[in-house]
Amino acid sequence: MKPAPFTYCRPDNVEQVLDLLRQHGGDSRILAGGQTLMAMLNMRLVEPKILVDISMMEALRFIRVADNYLEIGAAVIQADLLAWTDLEQYAPLMAKALPWVGHAQTRNKGTVCGSIAHSDPSSEMPLCLALLGGEIVLRSKTNRRMVKAADFQIGTLTTARQEDELIEAIRIPVPADVSKFAFQEVAIRHGDFALVAVAASHSPDGIRLGVGGVADRPEVRHWEHLPEDEIDTALNDLAHELGGYDDIHASAGYRRELVRTIGKRVILEVMA
Amino acid sequence: MIEYGAADRVKVTLTVNNESLTGYASSRMLLSDFIRHELGLTGTHVGCEHGVCGACTIQIDGRPVRSCLMLAVQAEGREIQTVEGLSDKGTLNRLQQAFRSHHALQCGFCTSGILMSMTNLLNENPTPTDDEITDILSGHLCRCTGYVGIVKAVQSLVLENIARENGENA
């Protein structure tokens, strides 16, 4: 299928983007990598009047470390972040999770912030951001605010972004040196939507586990102490708490089994 | 600021297989359709049009991407490689010949996209592992289930490349 007609705009700077968003609000869509939005346009799941292309905007293509946060701009392509030589040092979890995001061919175009904007419940980047306690930098013509990942993703494909706001960047706290991270997922085919994705961290304040693909957004649990013989019970409780759903790919029961199985793997990996 | 209305006819000039070409696109025209219908290069195939099947994969500025998930107006001034650029005046290149020798295609619909991904893989690393080959291949669907032949074809080039490297070092 083909997109419905729209006006295509490629602003020269962020101010012009914000002007367009203020003027057109919900009739507009930001086009960054387009690896989800273009598919949605082709299927006419969305029919914006104005498409605002920020993919070539150098001002939004930054990866920088400031105030103990890693900031990733809205035009940063997933493949470029994966290829960034300092990624392992500043965001080891992202380094583990990015190879699971789509396929190499879509990572060459898709953006990190685009994944966050789309907020698919099974998507890897929102899961990582939720586990790491990251923030989303939202900018409008009149305001600039930061929203915690936990407050940003409200539900399936639904976020706290206002219609006149641009996701300018995401911010991830740089972890303590001693922290350990692990990531796993199960999909029908590598690169497809995850049936279940899990991320775990082990830092001085305890163990965290994030689960994607089961509830309507990534869910994170924190244990200050988690003895090895209590992992199974904790994960079983979590799996039933999240519930899960049946679809053509997997039953809710299978999703819960994945939470127990790969959840345990990543927890043992970060505890080792 | 660039602005193209829904009814505008936009002139798009880009480099395709080292040749400068020009065509016209509406703002909503997909790059895949532009390549096929405006430029007449029908080697790039269109399957699912939502980025899943990989049939429309081309290289832009040296990177394999889905041409169905990009607008023609975004390709202005860019460097594009399509399957037509692989052979030399009708003579198959090494990768294409390996596909032929190892029965890596049946109907051929998925082949041009896979060739563009594998060309990039071998350019970046002449000796990828089996896992690296299948990881890149996971970005493509072949409904004839020809994956074994495709992997064998790429492996055959890897073996040749290893032999070549050893020969050079000898």
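Throughout, a chain's letter reflects where its sequence line sits, starting with A, and its residues are numbered from 1.
- Atom CZ of B:Arg100 has 12 or fewer neighbouring heavy atoms from other residues, nucleotides or ligands inside a 6.0 Å radius.
- Every residue meeting the side chain to side chain contact (heavy atoms under 4.5 Å, CB included) condition with B:Gln106, not counting sequence neighbours, appears here in chain and number order: B:Cys144.
- The part of B:Asp135 that comes within reach of chain A is its side chain, from C-beta onward, which places non-hydrogen atoms under 4.5 angstrom from that chain.
- The shortest heavy-atom contact between A:Arg189 and B:Gly139 is NH1-C, 4.3 Å.
- Of the two parts of A:Met40, neither the backbone nor the side chain holds a non-hydrogen atom closer than 4.5 Å to a non-hydrogen atom of chain B.
- In this structure, B:Leu157 CG and B:Leu95 CG are separated by 5.5 Å, a value rounded to the nearest 0.5 Å.
- Nearest heavy atom pair, residue A:Leu21 against residue A:Asp164, reads CB-O, 3.7 Å.
- A distance of 8.0 Å separates CD1 in B:Ile80 from CG in B:Asp61, rounded to the nearest 0.5 Å.
- By a heavy-atom distance cut of under 4.5 Å, B:Glu49, B:His50, B:Gly51, B:Val52 are the residues of residues 37-54 of chain B near chain A, going up by number.
- By the 30° and 60° cut-offs, the orientation of the rings of A:His190 relative to A:Trp100 is tilted.
- Counting heavy atoms from C-beta on, the side chains of A:Leu166 and A:Val52 never come closer than 4.5 Å.
- Of the two parts of B:Leu30, only the side chain, counted from C-beta on, holds a non-hydrogen atom closer than 4.5 Å to a non-hydrogen atom of chain A.
- Here the OG1-CG distance, from B:Thr13 to B:Leu21, works out to 9.0 Å after rounding to the nearest 0.5 Å.
- Of the listed residues (A:Asn42, A:Leu37, A:Asp12), the one with the most heavy-atom contacts under 4.5 Å to chain B is A:Asn42.
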* Derivation of the salt bridge (charged side-chain N to carboxylate O under 4.0 Å, His left out) call for B:Asp33 and B:Arg28 -> CA-CA 10 Å; B:Asp33 289 336; B:Arg28 64 170 167 154; over 6 Å; no
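- Here A:Ala4 is the residue among A:Gly110, A:Ala4, A:Ala79 with the most heavy-atom pairs under 4.5 Å with chain B.
- B:Tyr147 OH to B:Leu137 CG: the interatomic distance, rounded to the nearest 0.5 Å, is 6.5 Å.
- Among all heavy-atom pairs drawn from A:Met125 and A:Ser115, the shortest one is CB-CB, 3.7 Å.
- Taken from CD in B:Gln74 to CD1 in B:Ile60, the straight-line distance is 8.5 Å, to the nearest 0.5 Å.
- Heavy atoms closer than 4.5 Å to chain A are found in both the backbone and the side chain of B:Leu141.
- Looking at residues two or more places apart in sequence or on another chain, you find no salt bridge (charged side-chain N to carboxylate O under 4.0 Å, His left out) involving A:Glu185.
- Pairing each heavy atom of A:Gly26 with each of A:Glu163, the nearest pair is N-OE1, 3.3 Å.
- At a 4.5 Å heavy-atom cutoff, the contact between A:Ser55 and chain B is made by side-chain atoms alone.
- A salt bridge links A:Glu15 with A:Lys141: at least one charged nitrogen is closer than 4.0 Å to a carboxylate oxygen.
- Using a 4.5 Å cut-off between heavy atoms, A:Leu45 does not touch chain B at all.
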* Residue pair B:Thr82, B:Asn17: steps toward the side chain to side chain donor-acceptor pair (under 3.5 Å) verdict -> CA-CA 7 Å; B:Thr82 67; B:Asn17 304 326; 2.9 Å; yes
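- Looking at A:Gln35, both its backbone and its side chain come within 4.5 Å of chain B, counting heavy atoms on both sides.
- Within residues 108-129 of chain B, the residues having any heavy atom less than 4.5 Å from a heavy atom of chain A are, in residue-number order, B:Ser117.
- Note on A:Leu51, A:Asp192, A:Asp80: by heavy-atom pairs under 4.5 Å with chain B, the leading option is A:Asp80.
- If you measure heavy-atom distances from A:Leu31 to chain B, the contacts under 4.5 Å come from the side chain alone.
- In this structure, the portions of B:Ser138 lying under 4.5 Å from any heavy atom of chain A include both its backbone and its side chain.
- With chain A as the partner, the residue from B:Arg63, B:Met29, B:His140, B:Arg66 showing the most heavy-atom pairs under 4.5 Å is B:Arg63.
- In this structure, CD in A:Glu71 is found 8.5 Å from CD in A:Glu168, a value given to the nearest 0.5 Å.
- Contact of A:Asp53 with chain B is made through the side chain alone, with heavy-atom distances under 4.5 Å.
- A:Leu41 does not touch chain B: none of its heavy atoms, backbone or side chain, sits under 4.5 Å away.
- Chain A forms the most heavy-atom pairs under 4.5 Å with one residue out of B:Val10, B:Leu71, B:Ile136, and that residue is B:Leu71.
- Interface residue B:Met70: backbone and side-chain heavy atoms are both found under 4.5 Å from chain A.
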